[in-house]
Amino acid sequence: MDKVLIVGVNFTTEHKSQHFDLAMEEMASLVKACDMEPVGRIEQNMESANTATYIGAGKVQEVREMVRALEADLVVFDNGLSPIQLRNLSRDLDCPVMDRTTLILEIFSARAKTREAKLQVEVARLQYMLPRLVGLHDALSRQGGASGAMSNKGAGEKKLELDRRRLEQRLTTMRRELEKISGERETQRKKRAASGIPRVALVGYTNAGKSTVMNAMLSAYDGEGEKMVYEEDMLFATLDTTVRRITPPDQNDFLLSDTVGFISNLPHNLVKAFRSTLEEVREADLLIQVIDYSDENYTEHIRVTEETLKDLGAERIPMIYAYNKADLCGMGAFATIQGDDRLYLSAKSQSGIDALMTLISGKLSKRYQDCAFIIPYQRGDVVSYLNDNAVIHCTEYREDGVYMETNVSRIDAARYEQFLVNCYERLPGCE
Ligand SMILES: Nc1nc2c(ncn2[C@@H]2O[C@H](COP(=O)(O)OP(=O)(O)OP(=O)(O)O)[C@@H](O)[C@H]2O)c(=O)[nH]1
Ligand SMILES: [Mg+2]
């Protein structure tokens, strides 16, 4: 396993902030998530970054010595490095260098499973790598022992130019394929939107427990034997969006989606690349923000989540705050609800899932209304649609058609307006 030395810069003139320590711990988690071993960390306090080496010449020397002492295979910086800084650092440290963004991109690239996720990550990676090719090229040629041709500067530059062109071509091809896939996804999404079934999306910081909440909901309210999703104690376990239909008893069905987690300073290219996957979030009727309440940095996580949602244009969607992992916080009576949008739960032990459902149906009920229809016998399709998509209070077979008292979405009520006999008012009830 590769050994990694982490370098962090604290940009304050005052005392070291607590936030900085937590950020360094997060860096160690990222390194582990990338299947590498953090063996040491080194910190630098400064007011502004050095343009040539980010940390300044004196500190570079110190890092170089530490690399030797710890026999580190890689140095990771807690921030984005410019192409020049990257090149200078890998040369001066005589060791491969990565920045936080590249590390996150590496994790995403190792985890991506579907064709779409793979393409999205690859596009983001290439976009980030292209301007940094020079530094990378230097580092690689030294690492692998430069071959005769590559140690010749002219040939090296030519190769670099070729590499760059080849990567640009690959980018174009991948972008085209992505557009095609996004188009198909769009068609599916339109279908779902037209069905009028409300959509609820799980959002939140990575590792908060979104997938665990999804699975707990599925095992409690799964009407159709839907498949579970992957949950794991590591950053970015989920990269692909999964949509599942939840079928609670005596309530309207809704679609629940589980999606990629957020992290502070999520590379901008990555957010952009994942836009189409995150469309599920943008178009949701309700968001459930899952928060790891046992993490001492949880308020910062909420801030980052809300900032990312704003970036995505999803800040106005109603939200439920689900403070998860309450079992780790010594809270005896978790599963408590506060107001109509906040609860403490433990998804892992399935405790509080019914309370979460109460909040969800409370929020979604505003989109529904009680309506009575009389549907002509030749429109069996409408009867079966309502049976599948509405809560049916009662059904009667009358002379002029099937009389149904229902609780339906406003979209469906409008769609079958011609069969409506009573809406908003008190319904008479069947015989
Ligand atoms: N103790 C405890 N652990 C939990 C709880 N909910 C989830 N976990 C654990 O937290 C870890 C992360 O859970 P996931 O559901 O994969 O988290 P996620 O938000 O989907 O994470 P990413 O997909 O990586 O962004 C797993 O090891 C879960 O078992 C809980 O209520 N209590
Ligand atoms: Mg997940």
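Each ligand, and each atom within it, is numbered from 1 in the order the structure gives.
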For ligand 1, the portion of [X] having any non-hydrogen atom under 4.0 Å away:
{"X": "Asp233", "value": "both"}
{"X": "Asn207", "value": "both"}
{"X": "Thr238", "value": "both"}

Has [X] got any heavy atom lying under 4.0 angstrom from an atom of ligand 1?
{"X": "Gly204", "value": "no"}
{"X": "Asn324", "value": "yes"}
{"X": "Met234", "value": "yes"}

Just to confirm my output: which protein heavy-atom neighbour is closest to [atom], and how far is it?
{"atom": "atom 3 (N) of ligand 1", "result": "Lys348 CD, 3.4 Å"}
{"atom": "atom 10 (O) of ligand 1", "result": "Lys325 NZ, 3.0 Å"}
{"atom": "atom 1 (N) of ligand 1", "result": "Asp327 OD2, 2.9 Å"}
{"atom": "atom 16 (O) of ligand 1", "result": "Glu232 N, 3.0 Å"}
{"atom": "atom 13 (O) of ligand 1", "result": "Thr212 OG1, 3.4 Å"}
{"atom": "atom 24 (O) of ligand 1", "result": "Ala237 N, 2.6 Å"}

Does Lys113 make a cation-pi contact with Tyr230 (under 6.0 Å, within 45 degrees of the axis)?
yes

Distance filter under 2.8 Å, centred on the Mg ion (ligand 2) - protein N, O or S atoms that pass it: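 As for protein N, O or S atoms lying under 2.8 Å from the Mg ion (ligand 2), they are Ser211 OG, Thr238 OG1.
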
| message | Regarding Lys325 and Asp292, does a basic nitrogen lie under 4.0 Å from an acidic carboxylate oxygen? | response |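 Answer for the salt bridge query: yes.
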
(Q) Nearest 0.5 angstrom please: Met357 CE to Ser361 OG, how far? (A)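 It comes to 6.5 Å.
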
Between the CG atom in Asn207 and the OG atom in Ser29, the distance rounded to the nearest 0.5 Å is 8.0 Å

Open item on the list: Less than 4.5 Å apart, side chain to side chain, heavy atoms only: is that true for Met24 and Ile6?
Closed with: yes

Derivation of the side chain to side chain donor-acceptor pair (under 3.5 Å) call for Glu62 and Gln44:
CA-CA 11 Å; Glu62 201 182 309; Gln44 167 81 313; over 6 Å; no

| query | Going by the angle between their ring planes, with limits at 30° and 60°, are Tyr205 and His301 parallel, tilted or perpendicular? | reply | parallel

Check: of Ala347, Ala208, Gly209, Ala216, min heavy-atom distance to atom 31 (O) of ligand 1 comes from Ala347

